[in-house]
Amino acid sequence: MKTSRLVLLIAIIAAVVSCGQRKSDVDTRVENILRQMTLSEKIGQMNQISVGGEVSNYAGAIRDGQVGSILNEVDPVKVNEYQRLAVEESRLGIPLLVARDVIHGFHTIFPIPLGLAATFDPQLVEEGARVAALEATAQGVRWTFSPMLDIARDPRWGRIAEGSGEDPYLDARMAEAMVYGYQGRTADSTSMAACIKHFVGYGAAEGGRDYNSTLIPEHLLRNVYLPPFEAAVKAGAMTLMTSFNDNDGIPSTGNKYVVKDILRGEWGFDGLVVTDWNSMGEMINHGFAADRPEAVKKAVAAGVDMDMMTYGFIGHLEEMVRRGEVKESQIDAAVRDVLRVKVKLGLFEHPYINIEEGAAVQYAPEHLAAAHKSAEESAILLKNDGVLPLKDGLRILVTGPMADAPHDQLGTWTFDGEKSHTVTPLKALEERFPGKVIYVPGLAYSRQERDNFSDVVAAARRADVVLAFLGEEAILSGEAHSLADLNLIGSQSELLKALKATGKPVVATVMAGRPLTIERDLENCSAMLYSFHPGTMGGPALANLLAGDVNPSGKAPVTFLRTVGQAPMYYNHNMTGRPYSGELLMKDIPLEAGQTSLGNTSYYLDYGAYPLFPFGFGLSYTTFSYSNIGLDKEEYKANDTISVTFTLANTGSREGTEVAQVYVRDLVGSIARPVKELKAFERVSLAAGESRTITIGIPVSSLAFYGLDGKYGVEPGSFQLWVAGDSASGEPVEFEVL
Ligand code: BGC
C-alpha cells in the first residue's frame with residue numbers, strides 16, 4: 001500500500017467510522033483528506049461524468065483522481081469495478097459517488113411524482129422513496145437526482161409529471177418525505193443521497209416550453225418557489241441541482257444570489273451543489289458567458305461544487321487557479337462539500353456492493369405491495385354517475401391504448417423499470433373477473449388515428465360495461481416534452497364518443513403525465529378515474545379501484561383546466577382588483593353591444609372563470625360532510641397554534657378515506673396575498689356512517705410570508721380559514737392575528 005493511502009486510512013480509522021457520524025467527526029475526516037490532495041485531485045472531485053460502454057474507457061481518468069462522480073451506470077459488476085479503480089488504484093483512494101435518475105422507483109416503479117402527490121400521503125411517499133433507495137443502493141447507486149421540487153402551474157410543461165404540482169405546502173411535505181425516504185431516517189449503506197432540483201424556478205418556464213426563461217419576481221420566488229427547497233434542506237437533503245432556466249436574465253448555474261446568498265447563506269446548506277447536465281456550458285448559449293472559462297468562473301463564484309457534463313472544471317479550473325482568477329480556497333470549499341457527502345454516506349467504509357444480495361432485493365414482494373398501494377391512493381375519481389364500483393357478474397369490454405401498455409404505464413424517467421414486470425389493467429382485470437373480460441384495443445397507442453371503430457363498437461354491444469383506458473404514452477410527458485394542445489391525442493376522444501353512442505355505461509381511466517383537458521371526454525363517459533402514469537403495479541391497483549375492493553381517495557395536486565388557453569390557472573393566485581363575480585359569457589352578449597367597463601371582472605368570455613376541477617378535488621364511492629368547523633380562539637398571538645376542530649362524517653354506505661384540507665386567506669397584507677393557501681391536510685379513514693371530530697393544529701408562524709419590506713413574518717390582521725374536501729368548497733371561519 002502506498003504511504004499516502006496508508007495515511008488516509010489511518011486518518012479515517014482515527015476518526016469515527018460508520019455512517020451517521022456527528023458533524024464534527026465528518027468535518028475532521030474531510031479536512032484530513034483535503035489536506036493530502038493536490039489541486040488537480042481536488043478539481044477531479046468536482047467533476048461528474050456520464051459513463052457507458054467499457055469501464056476501461058474511463059479507467060485512466062479515475063485512477064488519476066480526475067472523476068468525483070459518475071452517472072448512468074447501474075450494472076453492479078461495472079459499478080464495483082469503477083469503485084475498485086477509485087478506491088484501490090487512485091492515489092488517495094477516494095470512492096466515487098455513483099448517481100442515477102431514480103425518480104419514482106428504481107426497478108419497482110411507483111406512480112409518477114405528480115401521482116404520488118395526489119395521494120396526499122407523505123408517509124406512503126416516504127415508504128416508496130425508501131423502496132427506491134433499497135433497490136438502487138443494492139446495485140451501487142448512492143445518489144439520486146430526485147426529488148424535483150419545481151412548482152408547476154402550467155400543464156403544457158412536460159416536466160409537471162416529475163413534481164408535486166402547483167402548491168408549495170403540498171410540495172414541501174412531499175419533498176421532506178422523499179428526502180427521508182431516499183436518505184433513510186438514519187444513515188446506513190442503504191442511504192441514497194437526495195438531490196433537490198432544479199434550483200430554482202424551472203417549472204415557471206414561459207408558455208410551458210421546457211428550458212425557457214422564467215420571470216419570477218422576488219416575492220413570488222420567496223413565497224412560492226423557494227419554500228419546498230427550504231423544507232427539503234431542513235429535512236437534511238444532502239445535495240441540490242441548479243436549473244437550466246435563466247430567471248430575469250440570470251441562469252441559475254451562475255446565480256450567486258440564489259445559490260450562495262439564499263441557499264448557503266440564509267439556509268446554511270452545507271451539502272453539494274451540482275449543475276444540471278451541461279447547464280454550466282449552456283450559460284454560453286444563454287449569452288451569459290462568452291466562453292467556457294467565463295462560465296466556469298461564474299459557476300464557481302455562484303457556489304457550484306460539481307460540474308455535470310460540461311467538462312468545464314476539469315478543463316479550466318487548474319489553470320484559472322494558477323493565474324489567480326479563482327482562489328484555491330473556493331476549490332477547497334467545493335471539495336469539502338463533495339467529500340462530506342461521501343463520508344456521510346459511509347462510502348469510504350462500504351464502497352462495494354454484494355451483487356447476489358443486491359439482485360435479491362429487486363422487485364421484492366413488499367416493494368411491489370408499496371407500489372400497488374401508492375397507485376391505489378394516487379388515482380383520482382373525477383366523475384361517477386353510479387356505474388362504479390363495478391357490480392359482479394358483468395361482461396366487461398376492456399379497450400383503449402393504455403389497457404395493455406406495459407411500457408407506457410410506467411411513465412417518464414424510468415431508466416431501470418422493466419416492462420416485463422409491469423402488470424397492466426388488462427392482465428389484472430382478467431384475473432379479477434375471470435371469464436368476463438373481452439379485450440379489443442381499438443387503438444394500439446395513444447397517438448394513433450382511426451376513423452372507424454366498428455370492431456370496438458360491436459364488442460361493446462356484447463358487453464354490459466365498457467372500461468376504456470386512455471391517456472398519453474410515457475414519452476409524451478417529461479423533459480423537453482411540452483405540449484401546446486392538452487386534449488386526448490390521436491382518435492381517443494372519438495373512440496370514447498363511439499362507445500358512448502352504444503348506450504352502454506362507459507368508464508374512462510386516464511393514464512397521463514399531466515392533467516389533460518378532458519372536459520369533452522367527461523361528457524362521453526359515465527365515470528372517470530384519473531390515474532396519471534401509475535407504475536409497475538398500476539394494473540392491479542386500478543382493478544381494485546374499479547371493482548370497489550378499494551375506494552378511491554386521490555386528490556388533484558394540480559388544477560385541471562377546461563381548455564389549454566386557461567393556462568396558467570391555479571387555485572392560489574393573488575387576490576385581484578376585480579374578482580370574478582359572474583359576468584356575461586360570449587353566448588349571452590347581445591349583438592352590437594356597447595363597450596362598457598362597468599362590472600367587468602377577471603374571466604374568459606368563452607370559458608368563464610373556473611377550471612374543470614379545482615386543486616384538491618377528488619370523489620369517493622362514499623360521501624363526506626364537514627360540520628362544526630370551529631377554532632379554539634378568535635384572536636391569536638404570533639407564537640400561538642390555531643386549533644382547528646371539525647366533524648367529518650362518512651355519509652355514504654361504504655368505508656372511505658377523505659383528505660381533509662385546511663386553507664387560509666390573509667385578508668390584508670403589505671403585498672396582495674393569495675385568495676387561499678393550503679396550510680394543512682389529513683387523510684382520514686371512516687367506516688360507513690361513522691363521524692369523527694378532528695383537531696388540526698396550525699402554527700400561526702406558518703402564516704408568515706415575505707412582505708413589502710422583504711422581511712419574513714406574520715402580519716397582524718384578519719384571516720379566513722376553510723376546512724373542506726377541495727380548494728373550492730366550504731364556508732370560511734374568521735380569526736385575527738394580533
Ligand atoms: C435533467 C435532470 C437530470 C439530469 C441527469 C437533465 O437533463 O434536467 O433533471 O437529473 O439530466 O440525467
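Order of appearance sets the numbers: ligands from 1, and atoms from 1 within every ligand. Numbering starts at 1 and runs along the sequence shown.
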Pairing residues for Asn255 by the side chain to side chain donor-acceptor pair (under 3.5 Å) criterion, not counting sequence neighbours: none
Qualifying salt bridge (charged side-chain N to carboxylate O under 4.0 Å, His left out) pairs, either residue in residues 168-187, two or more places apart: Glu126-Arg185, Arg173-Glu176
Distance filter under 4.0 Å to Lys197 heavy atoms, resulting ligand 1 atoms: 2 (C), 3 (C), 9 (O), 10 (O)
For His198, atoms of ligand 1 separated by under 4.0 Å from a heavy atom: 2 (C), 8 (O), 9 (O)
Result of checking Asp276, Asp150, Asp101 against Lys197 for salt bridge (charged side-chain N to carboxylate O under 4.0 Å, His left out): Asp101
Aromatic plane relationship, Phe244 with Tyr211 - under 30° parallel, 30 to 60° tilted, over 60° perpendicular: perpendicular
Ring centers of Phe199, Phe229 separated by less than 6.0 Å: yes
Proximal atoms of ligand 1 relative to Asp276 (non-hydrogen, under 4.0 Å): 1 (C), 2 (C), 3 (C), 4 (C), 6 (C), 7 (O), 8 (O), 11 (O)
Any N or O of Glu479 closer than 3.5 Å to N or O of ligand 1: yes
Distance filter under 4.0 Å to Phe145 heavy atoms, resulting ligand 1 atoms: 10 (O)
Min N/O separation Asp101 to ligand 1 under 3.5 Å: yes
Arg159 neighbourhood, listing ligand 1 atoms whose heavy-atom distance to it stays under 4.0 Å: 1 (C), 2 (C), 8 (O), 9 (O)
Distance, nearest 0.5 Å, that separates CZ of Phe532 from CZ of Arg514: 11.5 Å
